[in-house]
Chemist: 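Take this structure, written in structure tokens, and hold onto it; I'll ask about it next.
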Amino acid sequence: MTASEPGRLDDGSLGALLRGARLIFDKDWTIERRSREVAFSMLTFSLLATLVFALGFYVDDDKVRAYVPGILWVVVLFAGTLGLGRLFDSERESDCLGGLLLSPLEPRALYLGKLLVQLVFVGAMELCTLPVLFLFFDVFQLLDARSATWLTLVIVLGTIGFSIVGTLFAALLLDVRMREVLLPIVVYPLVTPVFIEGVSATRALLSDPRADVLDWVMLMAAFDCIYLGLAVALFPKLVRG
Amino acid sequence: MTGREAAGNVQVHGLARTFGRRPVLRDATFTLPRGAVTAIIGQNGAGKSTTFNVLSGRIPPTAGRVHYAGTETTERDRGRSFGYVAHASFLYGALTARENLTLVAALHGRPTDGLPEILERIGLTRAADRAVRTYSRGMTQRLAIGRLLVFDPPVWLLDEPASGLDAKGRTWLEAEIRGLVSAGKVVALSSHSRDLVAELARHVVVLAGGRIAHTGPLPEDRAAAAAEVERLFSEHIG
């Protein structure tokens, strides 16, 4: 971790918010670079899940179109949940969350920093896993440049929506017993709309590379905006209890 | 007390905190004067740590107000300008001492030039690049105090600061606290050590069952102060 430019983090400006978020991201990045615990567990899980699904479900190309959308989103959701479960681990130790909340750092900056960490972890996991999944299920032959671009956008929006909600509840359930069980129970129902749009858009693109998925993409983007607005507004009050 | 000293005092009025239906702190009114150490003492469960948690802004009070320098403060104000050494160290075990202090400096908008000096002052220069997870309790406690040196708050809240320190560490702690007093800081400390309280404190707040059982200055004379501390411990703590 390098020394940051000194500057106030509590002046309420956007710059202070972003500096604070960057500080949290840098801190978590330093910890993860040293331990590699979260990235390793997410990647291992997602690759193993992909392998199991590939061995269990591959029948023929027609079935691929039906199965792959669900498999893709289940892998993203489950592996992402592994990351969420560990997202605030470093803050739990020695009440570091308490220390951060006592500092001039805006709680919203803490939230945005953690969201960024989760997005980077899930994004890296997707970059490594999804090509393998597409390879196993011969998905590449079903896509052209246009549909691949739309599919990428759908995956990005779905990942953002899931991470926004997940990061909020990962913080709230920090000191709750069995939080790793509770986290998916709370988060999955809330991200169901994004998940359904994501599966539908993925299925449409795999069935027809010329399919129009703009409506689904708009809906996913709208949900992401609503989730983000609510999470940023609620996080400071909820995290302080 | 001079007007300048009074201006930098922390004044606590009717502070209360309830957990569920259980009152842990009730109607606590006292003053933490500037340029002096106030010992907050009491049995286990008397409400000392709750008092520190509320004063630091870590948890909100159920009732009451805290004024600093004549102005009513919020939890957020106190979090920003009061320094707190709690039972938990607020330190990241996976980071080194240097990284932890760098983070604190960045959080408080302070430059990092002075960090080598602070590491020297807390006696951790040689261990500065080791993960804090590998530290002994005493080293962690030194670093927890070093956290506060980085942003040098005007009010120092020290909950059991000697915990885990050996004799050398305790001597170091006493010297640091004397330095804070000389610099005109408000210092509140809790301790079960009669010697430490008698050595450093000039004011005392005794908590019993969440209420203030006694509050006031200790005698100027060192021997008389020690005798008074002994009496207060025997009477209220046992």
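All chains are named by letter (A, B, ...) in the order of the sequence lines, taking the proteins before the strands, and each is independently numbered beginning at 1.
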Chemist: With a 4.5 angstrom heavy-atom cut-off, is it the side chain or the backbone of E37(A) that approaches chain B, or both, or neither?
Modeler: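 E37(A) has no heavy atom closer than 4.5 Å to chain B.
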Chemist: Testing the basics here: between R80(B) and D10(A), what is the closest heavy-atom pair and its distance to 0.1 Å?
Modeler: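 Nearest pair, atom of R80(B) first, then D10(A): CD-OD2, 2.9 Å.
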Chemist: Is F151(B) in contact with chain A via its backbone, its side chain, both, or neither, using a 4.5 Å heavy-atom distance?
Modeler: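 For F151(B), no heavy atom lies under 4.5 Å from chain A.
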Chemist: Heavy atoms only: give me the nearest L100(A)-Y92(B) pair and the separation to one decimal.
Modeler: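 So the two residues come closest at CD1-OH, 3.2 Å.
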Chemist: Looking at every heavy atom in both P107(A) and R76(B), which two are closest together, and how far apart are they?
Modeler: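 Taking every non-hydrogen atom into account, CD-NH2, 4.1 Å.
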Chemist: For the atom pair SG (C96(A)) and CG (N100(B)), what is the distance rounded to the nearest 0.5 Å?
Modeler: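 With rounding to 0.5 Å, SG (C96(A)) is 7.0 Å from CG (N100(B)).
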Chemist: Need one label for T140(B): side chain, backbone, both or neither, based on atoms under 4.5 Å from any heavy atom in chain A.
Modeler: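 For T140(B), there is no contact with chain A at all, as no heavy atom is under 4.5 Å.
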Chemist: What part of R133(B) lies closer than 4.5 angstrom to a heavy atom of chain A: side chain, backbone, both or neither?
Modeler: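 Contact with chain A involves the side chain of R133(B) alone.
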Chemist: Report the distance from atom CD of E93(A) to atom CG of L91(B), rounding to the nearest 0.5 Å.
Modeler: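 Here the interatomic distance stands at 9.5 Å.
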Chemist: Below 4.5 Å, heavy-atom pairs only: which of S35(A), G20(A), A109(A), S94(A) has the largest tally toward chain B?
Modeler: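 That would be S94(A).
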Chemist: Under a 4.5 Å heavy-atom cut-off, does chain A meet the side chain of L107(B), its backbone, both or neither?
Modeler: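 Both backbone and side chain.
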Chemist: How far apart are the closest heavy atoms of L103(B) and K27(A), and which atoms are they?
Modeler: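 That would be CD2-CG, 3.9 Å.
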Chemist: Decide yes or no on side chain to side chain contact (heavy atoms under 4.5 Å, CB included) for L95(B) and R34(A), but give the supporting numbers first.
Modeler: CA-CA 9 Å; L95(B) 298 180; R34(A) 209 158 281 162; 4.2 Å; yes
Chemist: Between G99(A), S90(A), P104(A), who has the most heavy-atom pairs with chain B when the cutoff is under 4.5 Å?
Modeler: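 The answer is P104(A).
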Chemist: Measure the spacing between CZ of R147(B) and OG of S103(A) and express it to the nearest 0.5 Å.
Modeler: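 Answer for the CZ-OG pair, R147(B) versus S103(A), is 8.5 Å.
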